[in-house]
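The structure appears below as structure tokens.
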Amino acid sequence: MSLQGKRIVVGLGGGIAAFKAVQLVRELMRRGAEVRVVMTEAATHFVGPITFAGLTGKPAVTNLWAENYAGEVHVELGEWADAVVIAPATMNLMARATSGQANDVVLATLACARGDVFFAPSMHHRMWAHPATQSNIRTLTDRGAVVLGPVTGALANGEIGEGRMMEPDDIADEVESHLAHADDLSGSRVLITAGPTHEDLDPVRFLGNRSSGRMGYAIASQALRRGAEVTIVSGPVHLPVPSGAEVVRVRSAQEMHAAVMSRFDRCDVLIMAAAVADYRPEQREAQKIKKGGSLKLELVRNPDILADVGAKRSQRPSVLVGFALETENLEQAARDKLERKAADLIVANEASAALGGDTNRATLVEAASTTPLPEMTKRALANQILDRVRTLLTNPSQRPRREAKQEAPN
Ligand code: CTP
């Protein structure tokens, strides 16, 4: 019973899969959790609150004005819960959660949630594929919520498509594995770089790359959830800051270098997820470059941040993680970087699988092991990386003692 002692609010939206929430509540309780139920008014058309009262021994709350609750039920439940699981999460409910509405007990509890938030979407496949839903999912995920499913299968009208709510047992598995990590990085200071760098050519143009920053931000929000103190040194990205993280905004590789070098001796873990430009224009023109004939750009090397920290690794951090984005010879190239930059772990990505999207396929390369992982969400990959970081932190013998060779000055 590995949810023993955990407190979980199950929130229902108004969808046909609401009947499966009954099974979910039972399953969470069977695993040891204490469960309370909140429902939208629409959800009560699909399943009765009395069913949940019978199961949990507490009344299911269906509106903010419930007479059997003195005080603010949403504030109390938001504070009480280690996790809030919205199942089924309808298109409408997620849209309202995204826009920060709090006009029913489910949304208000979500808005007050102190613990982890999970959405198990359930809707017709065209509603799921709708750009509004996809954009809302992205926003909710960027804010740290976990979206479980949906899966492909038979929908309410008999069609087969992506939109079916994950099975209750699978939702319970995910919630359980998620809560199992809680606080295992507490006391660790984690510095994460994220996003691209922009190397200015003139006041309006720059050289950049297609990194979205999502991987680094996913690591940041998972590290926070696991109890770490987190600083993000962030290149230019359009992502919400995970709540609780300190953010240092930079633009160029040189600025990122300065921000990391002035902080790395105060952290236990450095994760270099940023796509740092290896080169910058030799000169930044003060005025906008006017068109003429052909134009030749002279580029010079940027400092290698990871290698520079690797060269000083006796001064901390204890664990050094780099990324390698490759288009060929993935593992060998990652192993070279591991050695050259004195890192403990290189997360090797194929360029085609890594950039921009919500999923990633990576291989974890360490001195004594190579672990290819299946394609997974960036959140799931973030946890795989942090699992390794945690092991390396607690087992210094698995970390190399060497230092990186300092590269030629730039
Ligand atoms: N990195 C860095 N500073 C740079 C360039 C890269 O700290 N100037 C870090 C990245 O954040 C990443 C790792 O080094 O964690 C690998 O980046 P990559 O550009 O693939 O490494 P290079 O050594 O530049 O590889 P290549 O020789 O293939 O260009």
Side-chain angles (χ1 to χ4, degrees), residues 1-13 18 20-41 43-44 47-89 93-94 96-98 100-120 140 143-148 168 171-186 221-222 224-227 242-244:
M1 296 226 289
S2 39
L3 284 171
Q4 194 69 46
K6 298 293 181 199
R7 301 190 288 203
I8 300 177
V9 168
V10 173
L12 280 78
K20 288 199 208 167
V22 177
Q23 184 61 32
L24 175 63
V25 168
R26 282 189 56 155
E27 186 55 30
L28 294 170
M29 292 178 69
R30 193 187 65 76
R31 297 177 189 215
E34 199 183 329
V35 178
R36 306 281 288 277
V37 174
V38 294
M39 306 171 72
T40 62
E41 207 265 322
T44 64
V47 57
I50 304 293
T51 305
F52 294 110
L55 279 175
T56 64
K58 301 271 184 197
V61 189
T62 56
N63 70 70
L64 286 166
W65 326 112
E67 279 166 12
N68 44 357
Y69 281 96
E72 297 179 301
V73 63
H74 56 293
V75 178
E76 280 166 33
L77 288 177
E79 174 63 31
W80 174 83
D82 297 305
V84 178
V85 184
I86 306 299
L93 200 149
M94 288 191 292
R96 293 191 297 137
T98 304
Q101 293 181 48
N103 56 347
D104 66 36
V105 69
V106 175
L107 290 169
T109 304
L110 269 178
C112 285
R114 179 189 52 76
D116 296 323
V117 171
F118 301 82
F119 289 91
L140 293 169
R143 288 180 194 156
V146 179
V147 177
L148 304 174
I171 296 174
D173 282 351
E174 291 273 354
V175 172
E176 186 181 318
S177 88
H178 209 78
L179 293 184
H181 291 131
D183 286 342
D184 66 348
L185 291 173
S186 121
S221 65
Q222 295 310 308
L224 281 162
R225 185 181 65 72
R226 294 169 70 157
S243 92

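Residues R96 and D104 meet the side-chain proximity criterion, which asks for heavy atoms closer than 4.5 Å. With contacts defined as side-chain heavy-atom distances shorter than 4.5 Å, the pair M39/V47 qualifies. Looking at heavy atoms from C-beta onward, P88 lies out of side-chain contact with K20 at the 4.5 angstrom threshold. Side chains of V38 and V9 form a contact here, defined as non-hydrogen atoms less than 4.5 Å apart. Put simply, the side chain of V10 does not reach to within 4.5 Å of the side chain of F52, judged on heavy atoms. Under the 4.5 Å side-chain criterion, counting only non-hydrogen atoms from C-beta, M29 is in contact with T56.
Judged purely by atom type and a 3.5 angstrom limit, R225 uses its side chain to pair as donor or acceptor with the backbone of H178.
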**Message:** Could you go through L55 and V22, starting from their C-alpha distance and side-chain angles, then the distance that decides it, and tell me whether this counts as side-chain contact (heavy atoms from CB on, under 4.5 Å)?
**Reply:** CA-CA 8 Å; L55 279 175; V22 177; 3.7 Å; yes

**I171 vs E27, side-chain contact (heavy atoms from CB on, under 4.5 Å): CA-CA, chis, key distance, verdict** = CA-CA 9 Å; I171 296 174; E27 186 55 30; over 6 Å; no

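Nearest heavy-atom pair, P242 versus S221, reported as atom, atom and distance to 0.1 Å: CB-CB, 3.8 Å. In this structure, G13 and A18 approach most closely via the heavy-atom pair O-CB, 4.4 Å. Residue E174 comes nearest to L148 through the heavy atom pair CB-CD2, 3.6 Å, listed as atom of the first residue, atom of the second, then distance. Nearest heavy-atom pair across A33 and I8 is CB-CD1, 3.8 Å. Residues L224 and S243 come closest through the heavy atom pair CD1-O, 3.5 Å.
If you take CD1 on I50 and OG1 on T44, they are separated by 11.0 Å, rounding to the nearest 0.5 Å. Residue K58 holds its NZ atom at 5.5 Å from CZ of R36, rounded to the nearest 0.5 Å. Here the CD-CD distance, from E34 to Q4, works out to 10.5 Å after rounding to the nearest 0.5 Å. T98 contributes atom OG1, which lies 9.5 Å from atom CG of L93 (distance to the nearest 0.5 angstrom).
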Would you list the atom pairs, donor with acceptor, under 3.5 Å between side chains in residues 106-113 and any protein atom, with sequence neighbours excluded?
from : atom 1 : to   : atom 2 : distance (Å)
T109 : OG1    : V105 : O      : 2.6

Donor-acceptor contacts, no H, no angles, side chain residues 79-86, under 3.5 Å, sequence neighbours left out:
from : atom 1 : to : atom 2 : distance (Å)
D82  : OD2    : R7 : N      : 2.8

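Environment of CZ in R26: sparse, with no more than 12 heavy atoms of neighbouring residues, nucleotides or ligands closer than 6.0 Å.
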